[in-house]
Amino acid sequence: DLISIRRLPPWFIMSHFIRPICDNVLAAIGDTPLIRLSRYLDRDDVELMVKLEACNPGGSAKDRPATEMLHDAMSSGAVDGNSTIVESSSGNMGIGLAQACRYHRLRFICIVDPRAQSQNLSIMRALGAEVTHVRQVGQAERVDPVQGVEVCCTAFGEVGSGPGRRTGADQLEVRVA
């Protein structure tokens with residue numbers, strides 16, 4: 001049974017549904033609600049809880065690692081305002097990185113495979129990502145992993161034609177142009 005929010009005590013509403021006002025989108029990441037599923041297993045010896053990561057601004061648990069990787073790279077000096085981030089992702093990590101790069105005003109190139117969901121690509125583009133597709137290979141509709149690496153390397157090469165640095169967020173490996 002769903003409980004009407006009007007029947008909940010005000011202290012419960014304040015502590016479970018109203019989040020603090022954040023100064024920016026990255027500050028809203030985390031502190032996601034935990035929900036106890038007391039009737040799911042029908043057992044008293046197990047306490048089962050789920051964390052609602054969909055409450056993060058990018059809609060998933062990938063907001064956290066994307067933001068942390070970028071923060072760590074910026075703190076170490078590996079990434080600066082002239083950097084371009086290149087990542088191969090067709091989903092939530094790409095959205096998380098697009099969100100973090102948008103906030104920090106960094107160029108973000110996301111390499112995606114042909115089966116990427118259109119709504120994920122639309123969200124990444126809306127956040128300013130440049131989306132590059134890896135083409136489909138053969139009848140089996142499999143993406144050739146070698147081609148994916150070649151596309152990422154090409155992106156690294158294109159980014160490297162000017163001054164500054166570029167990095168693949170998943171390896172945090174910096175290549176200086």
Side-chain angles (χ1 to χ4, degrees), residues 19 22 24-35 50-76 78-162 164-177:
R19 297 177 71 183
C22 299
N24 62 67
V25 70
L26 300 185
I29 295 171
D31 197 25
T32 53
L34 277 174
I35 307 295
V50 296
K51 193 155 180 64
L52 294 183
E53 295 290 350
C55 291
N56 279 314
S60 82
K62 297 294 185 172
D63 285 6
R64 293 174 198 260
T67 300
E68 287 300 315
M69 285 190 300
L70 197 54
H71 173 76
D72 291 348
M74 292 178 79
S75 295
S76 72
V79 169
D80 62 22
N82 294 319
S83 299
T84 295
I85 309 300
V86 179
E87 173 70 0
S88 176
S89 171
S90 295
N92 292 328
M93 181 58 83
I95 292 170
L97 282 169
Q99 174 178 255
C101 287
R102 175 69 175 244
Y103 174 76
H104 290 291
R105 297 181 179 170
L106 296 172
R107 182 178 176 204
F108 175 53
I109 301 172
C110 193
I111 313 299
V112 301
D113 73 52
R115 294 170 294 209
Q117 296 179 359
S118 62
Q119 70 268 18
N120 288 350
L121 303 181
S122 295
I123 293 168
M124 283 187 262
R125 285 187 183 109
L127 290 167
E130 298 170 39
V131 177
T132 301
H133 291 268
V134 175
R135 73 186 187 305
Q136 231 168 293
V137 179
Q139 294 292 84
E141 296 190 4
R142 289 188 53 218
V143 173
D144 179 2
V146 172
Q147 186 213 359
V149 171
E150 288 172 355
V151 170
C152 284
C153 289
T154 300
F156 273 124
E158 290 171 2
V159 171
S161 61
R165 300 183 190 115
R166 65 234 185 244
T167 185
D170 59 341
Q171 301 103 359
L172 291 178
E173 179 181 324
V174 177
R175 302 169 196 261
V176 179

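These numbers come from a predicted model, not from an experiment.
Atom CG of Leu26 and atom CD of Glu68 lie 10.0 Å apart (nearest 0.5 Å). Summarising the geometry, atom CG belonging to Leu34 is positioned 4.5 Å from atom NZ belonging to Lys51; distances are rounded to the nearest 0.5 Å. Atoms CD and CG, on Gln99 and Asn92 in that order, are 10.5 Å from each other to the nearest 0.5 Å. Distance OG/Ser75 to CG/Leu70: 9.5 Å, rounded to 0.5 Å. Taking CG from Leu127 and CD1 from Ile95, the interatomic distance works out to 8.0 Å, rounded to the nearest 0.5 Å. Expressed to the nearest 0.5 Å, how far CD1 of Ile109 lies from OG1 of Thr132 amounts to 6.0 Å.
Of all the heavy atoms in Ala66 and Met93, the pair that sits closest is CB-SD, 3.7 Å. Minimum interatomic distance between Phe108 and Gly94 (heavy atoms only, all atoms of both residues): CE2-O, 3.5 Å. His133 approaches Leu121 most closely through the heavy-atom pair CE1-CD1, 3.6 Å. Of all non-hydrogen atoms in Ala78 and Ser83, the two that sit nearest each other are O-OG, 4.2 Å. Heavy-atom minimum distance, Asp80 versus Leu106: O-CD2, 3.1 Å. Residues Ala61 and Pro65 approach most closely at O-CD, 3.0 Å, considering heavy atoms.
Inter-residue side-chain proximity for Pro57 and Ile29 is flagged as met; some heavy-atom pair is nearer than 4.5 Å.
Checked by atom type and distance alone, the side chain of Asn56 never pairs as donor or acceptor with a backbone atom of Gly58 at under 3.5 Å. Using modelled atom types, no side-chain atom of Thr67 and backbone atom of Arg64 make a donor-acceptor pair closer than 3.5 Å.
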